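Numbers restart at 1 for each chain; the letters A, B, ... are given by sequence-line order, proteins then strands. Computed from a predicted structure; not experimentally measured.
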Protein chains: 2
Amino acid sequence: MGTSLSMENQIVAAIRRIMRAVDLHSRRLAEEHGLTGPQLATLQAAANLGESSTGTLARAVHLSGPTVTGILDRLTKRGLVDRTRNGQDRRSVTVRLTSDGESVLAAAPSLLQDRFRQELTRLEEWEQTTILATLQRMAAMMDAESLDASPLLVPGPLDAATQAAAPVISPAETVAESTDSAAIPAKAPTVP
Amino acid sequence: MGTSLSMENQIVAAIRRIMRAVDLHSRRLAEEHGLTGPQLATLQAAANLGESSTGTLARAVHLSGPTVTGILDRLTKRGLVDRTRNGQDRRSVTVRLTSDGESVLAAAPSLLQDRFRQELTRLEEWEQTTILATLQRMAAMMDAESLDASPLLVPGPLDAATQAAAPVISPAETVAESTDSAAIPAKAPTVP
DNA sequence: CCGACATGCTTCGCACACGAACGAAATCTT
DNA sequence: AAGATTTCGTTCGTGTGCGAAGCATGTCGG
């Protein structure tokens with residue numbers, strides 16, 4: 001019967017290979033620069049956003065709260081960031097880069113492997129666009145499902161909020177520079 | 001050229017989102033079926049390959065030896081697989097599915113989220129092909145670098161869409177995963 | 001003013017995932 | 001045949017990653 005799994009299996013296999021490659025590259029970064037991939041990503045986000053809470057940071061790097069807490073623990077231990085309780089809202093924790101953190105970040109390489117970057121820039125522009133569009137499309141399709149457990153299907157019109165969360169098809173005009181992840185206004189719990 | 005930086009960041013972000021979605025889906029699988037993604041993948045590989053050593057299994061699922069050892073530990077503890085020392089080569093360990101493992105596997109869902117699968121099948125065929133080709137291309141570029149610094153590269157990055165598309169899609173039959181590796185027992189060029 | 005609830009971060013337990021190091025077994029060398 | 005080397009799997013240590021639970025704090029209704 002359903003032996004037509006090949007397409008699915010190939011997609012799964014390709015994703016797994018990519019994940020593994022990312023992981024291996026992360027370890028290489030740690031060896032050569034003392035920073036793993038997630039640590040570097042968090043550091044970059046902290047630099048881009050300026051002073052920000054750990055929650056904001058978590059949303060920016062697409063990771064859960066506990067995960068960034070752990071990463072910030074190691075970053076703090078190495079003296080690259082600074083965690084202080086916010087004065088206004090004392091629940092919140094403000095994260096700042098130290099000068100050490102800034103210099104380390106300035107000297108740090110890209111999150112992508114050098115060779116991959118070179119090959120990428122060597123491609124035709126339409127190919128790069130295709131790759132990016134495909135990845136974003138995949139990301140939108142996959143984390144849309146994870147994000148909401150509600151049985152609500154996508155009807156016709158989408159309001160601004162949903163649109164921001166899942167811009168499935170966009171023309172060649174992909175996003176410019178936006179650091180995205182604007183607000184995410186505290187979603188209401190669906191089920192108790 | 002100013003836009004090249006943002007392109008990189010967007011690619012990284014998309015990959016992270018995909019990885020996170022895969023992870024979240026894995027946890028949902030664990031909740032609903034008692035099997036995480038890697039466990040299910042390993043179980044499927046064990047079923048496809050029949051009796052096989054843990055090393056063969058590791059290569060099949062694109063994971064390291066220690067990782068599959070851990071996964072097999074949990075699978076064994078649940079009585080889904082059976083580990084026995086090989087009679088011929090007593091270093092090797094033969095992995096077999098138990099009857100429990102087979103029934104669990106038969107009842108198990110796909111590694112991909114249902115909704116993602118539905119959306120995928122709803123796409124035009126050329127779009128599916130593009131997605132698969134892009135993912136495989138990414139995987140090839142990225143794990144080529146991680147694997148080694150060997151000069152093995154993808155042939156022509158030119159007109160790849162047509163070129164890459166054709167050989168990639170094999171018929172529904174037994175995809176026989178690796179186009180790579182084949183027989184590795186050549187030499188061991190390791191560290192000095 | 002004070003409980004009831006909400007929010008933000010941390011702690012805890014689990015499951016990957018890897019390289020390094022280890023012991024056992026097989027293979028090669030001398 | 002004895003020793004060196006390779007190969008196979010496991011164990012160890014580190015670093016993600018998550019949800020659930022725990023605290024501390026803020027906010028709202030009575």
Q: Report yes if at least one side-chain N or O of B:T54 is closer than 4.0 Å to OP1 or OP2 of D:dG9; otherwise report no.
A: yes

Q. Atom CZ of A:R74 to atom P of D:dG13: distance rounded to whole Å?
A. 17 Å

Q.
Does C:dA17 have OP1 or OP2 under 4.0 Å away from a side-chain N or O of B:T67?
A. no

Q | Contact check, side chains of B:L63 and A:R16, non-hydrogen atoms, under 4.5 Å | A | no

Q. Does a nitrogen or oxygen in the side chain of A:S64 sit under 4.0 Å from OP1 or OP2 of D:dG17?
A. no

**Q.** Distance below 4.0 Å between A:S92 side-chain N/O and C:dT7 OP1 or OP2
**A.** no

Q) Closest heavy-atom contact between B:T121 and B:Q118? A) OG1-O, 2.8 Å

Q) When all nucleic acid strands are considered with a 4.0 Å heavy-atom cut-off, which category describes B:G55: base, sugar-phosphate, or nothing? A) sugar-phosphate

Q. Of the nucleotides C:dC18, D:dA20, D:dG15, which one has an atom closest to the side chain of A:T36?
A. D:dG15

Q. Do you know the tightest heavy-atom contact between A:I18 and B:L135?
A. CD1-O, 3.8 Å

Q. In whole angstrom, what separates B:N86's CG from D:dT7's P?
A. 17 Å

Q) Should B:S53 be listed as having a side-chain N or O under 4.0 Å from OP1 or OP2 of D:dG9? A) yes

Q.
Need to verify one output field. Residue with the more 5' nearest nucleotide on DNA chain C, A:D23 or A:V93?
A. A:V93

Q. If you check the B:D89 side chain, which of C:dA26, D:dG17, C:dG19 turns out closest?
A. C:dA26

Q) Can a donor-acceptor pair under 3.5 Å be found between the side-chain atoms of A:R90 and the base atoms of D:dT25? A) no

Q | Rounded interatomic separation in angstrom, taking CZ from A:R27 and C1' from D:dT16 | A | 8 Å

Q: Give a yes/no on whether any side-chain N or O of A:R91 is located under 4.0 angstrom from OP1 or OP2 of C:dT10.
A: no

Q: Mind calculating the distance between CD (B:Q39) and P (C:dA15) to the nearest angstrom?
A: 7 Å

Q. D:dG15 phosphate, OP1 or OP2: any side-chain N/O from A:R78 under 4.0 angstrom?
A. yes

**Q.** 5′-ward residue of the pair A:Q88/B:R85 relative to DNA chain D
**A.** B:R85

(Q) Using OP1 and OP2 only, check whether a side-chain N or O of B:R83 sits under 4.0 Å from D:dT10. (A) yes

**Q.** Least distance between heavy atoms, A:R83 atom then A:D73 atom
**A.** NH2-OD1, 2.5 Å

Q. Distance check: side-chain N/O of B:R20 vs OP1/OP2 of D:dC18, anything under 4.0 Å?
A. yes

Q. Can you check the A:L24 CG to D:dT14 P distance for me, whole Å?
A. 20 Å

Q: Quickly work out the A:H25 NE2 to D:dG15 P distance and round it to whole Å.
A: 18 Å

Q.
Side chain of A:P38, heavy atoms from C-beta onward: which of C:dC12, C:dC16, D:dG17 has the nearest atom to it?
A. D:dG17

Q | Gap between atoms NZ and P, on A:K77 and D:dT16 respectively (whole Å) | A | 11 Å

Q) Roughly how many Å is it from CZ in B:R17 to P in D:dG17, rounded to a whole number? A) 16 Å

(Q) For a quick check under 3.5 Å, do A:R17 and B:Q136 share a side-chain donor-acceptor pair by atom type? (A) no

**Q.** Residue pair B:V93 / B:L72, side-chain heavy-atom distance below 4.5 Å
**A.** no

